[in-house]
**Q** 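Below are the structure tokens for one structure; questions will follow.
Note that ligands are numbered from 1 as they come in the structure, with each ligand's atoms numbered from 1 the same way.
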Amino acid sequence: MVKVIIAGAAGRMGQRIAHMVESHSGLQYGAAFEAAGHPEIGRDAGELALGRKNGVIIKEGLESVIEQGDVIIDFTFHQATMEFARIAAKHNKAMVIGTTGLTAENLAELKELAANFPCVQAPNMSVCVNVLFQLVKKTAAILGDDYDIEIIEAHHNKKKDAPSGTALKLGEMAAEGVGRNLAEVAVLERSGIIGERKPNEIGIQTIRAADIVGEHTVYFAGPGERIELSHRAHSRDHFAKGAATAAAWVADKDNGIYSMFDVLGLNDL
Ligand SMILES: NC(=O)c1ccc[n+]([C@@H]2O[C@H](COP(=O)([O-])OP(=O)(O)OC[C@H]3O[C@@H](n4cnc5c(N)ncnc54)[C@H](O)[C@@H]3O)[C@@H](O)[C@H]2O)c1
Ligand SMILES: O=C(O)C1=N[C@H](C(=O)O)CCC1
């Protein structure tokens, strides 16, 4: 049985991950922790997330629970994630990182740290979104340079990072498909007299509203017609289920960075 430590256990994702860990036959809810000063510290994590006590008390900080689990599942905030990755590297504990908003510097440091622990890192852990990533790359490769690529994402009004990690990954996959570097062609905002659209741009636009769980559409628009590839999340459960699947998968892997393509066997599509 793989024992899981849930970071940010009182958060929106932390609570849904508790359900998916409890219902996974190979996982056990080992420990839970929250940020210093969080009002749920000291509370039974099961009572909070599952509606029944499970004896896992929400503690303060990762160091206080690091020996109580085998895999840390982290859906928190990018600076906290990096702090946890440094601790995981020190203790050789596996990690599943779903937190988005990691900078290029964060990702470079994570890659170095992962020489000391096995780590699955992905901006979206849903099966359908990971299939969509591959479909977008294939579609971009088939249609080529004659089609304008634009991405729109919509999320709830509590989300802190923009564009979403998923939208950025969709942009990367589309860019790969047409042989471009997203960092060179991404357009994240348009306002004023901006002139005509450059043919190689990949636009990514953001909507934040109410309780939208997560929606992404990629446009491939040519003269007189377009394809729209969309994913709409109905709940957070498919992200949480993906995180649980990744935790069970990564527990016995060699040190290094893995993606959900590795976990789901989607690399060779
Ligand atoms: N990869 C995916 O599939 C996926 C899916 C959904 C959300 N996310 C990402 O997960 C992250 C969290 O999303 P959310 O909606 O659950 O946010 P949230 O704000 O509801 O939860 C985050 C939790 O982390 C806790 N936290 C912050 N700093 C901490 C620290 N230093 N130590 C311990 N706990 C800390 C907060 O107190 C909070 O409870 C975001 O980056 C989001 O984009 C990823
Ligand atoms: O609710 C969020 O926050 C989500 N974040 C991820 C992202 O930024 O792509 C995945 C979808 C939900």
**Q** For D44, enumerate each residue passing the side-chain contact (heavy atoms from CB on, under 4.5 Å) test, keeping only those at least two apart in sequence or located in another chain.
**A**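 Result, side-chain contact (heavy atoms from CB on, under 4.5 Å) vs D44: E47, K53, N54, I57.
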
**Q** Do N124 and N130 get their side chains close enough for a donor-acceptor pair, meaning under 3.5 Å?
**A**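 No.
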
**Q** With a 4.5 Å limit on heavy-atom distance, are the side chains of R16 and F75 in contact?
**A**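 No; the side chains remain at least 4.5 Å from each other.
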
**Q** Quick one: does NZ or CZ of K253 land under 6.0 Å from the six-membered ring centre of Y258, within 45 degrees of the ring axis?
**A**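 Relative to the ring axis of Y258, which defines the angle, K253 lies outside at least one limit.
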
**Q** Answer whether the closest heavy-atom distance between the side chains of K169 and M260 falls below 4.5 Å.
**A**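 No, too far: nothing below the 4.5 Å cut-off.
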
**Q** Quick one: does D145's side chain get under 4.5 Å of R180's, heavy atoms only?
**A**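 Heavy-atom side-chain distance check passes, below 4.5 Å.
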
**Q** Provide, line by line, the atom pairs where ligand 2 and the protein bring an N/O atom each to a distance under 3.5 Å; else say none.
**A**
from     : atom 1 : to   : atom 2 : distance (Å)
ligand 2 : 1 (O)  : H156 : NE2    : 2.8
ligand 2 : 3 (O)  : K159 : NZ     : 2.9
ligand 2 : 5 (N)  : K159 : NZ     : 3.1
ligand 2 : 8 (O)  : T100 : OG1    : 3.4
ligand 2 : 8 (O)  : K159 : NZ     : 2.7
ligand 2 : 8 (O)  : G165 : N      : 2.9
ligand 2 : 9 (O)  : G165 : N      : 3.3
ligand 2 : 9 (O)  : T166 : N      : 2.8
ligand 2 : 9 (O)  : T166 : OG1    : 2.5

**Q** If you look only at pairs with a residue in residues 215-228, which of them pass as a salt bridge (Lys or Arg N to Asp or Glu O under 4.0 Å), with sequence neighbours excluded?
**A**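 Sorted result for residues 215-228: E215-R232, R226-E228.
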
**Q** At what distance, to the nearest 0.5 angstrom, does CD1 of I17 lie from NE2 of H19?
**A**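 Here the rounded value is 11.5 Å.
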
**Q** Taking any residue with a non-hydrogen atom under 4.0 angstrom from an atom of ligand 1, which ones do you get?
**A**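 Residue list for ligand 1: G8, A10, G11, R12, M13, F33, E34, A35, H38, F75, T76, A80, F84, G98, T99, T100, A122, P123, N124, M125, K159, D161, F239.
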
**Q** Report yes if the side chains of Q68 and K3 come closer than 4.5 Å at any heavy-atom pair, otherwise no.
**A**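 No, their side chains stay 4.5 Å or more apart.
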
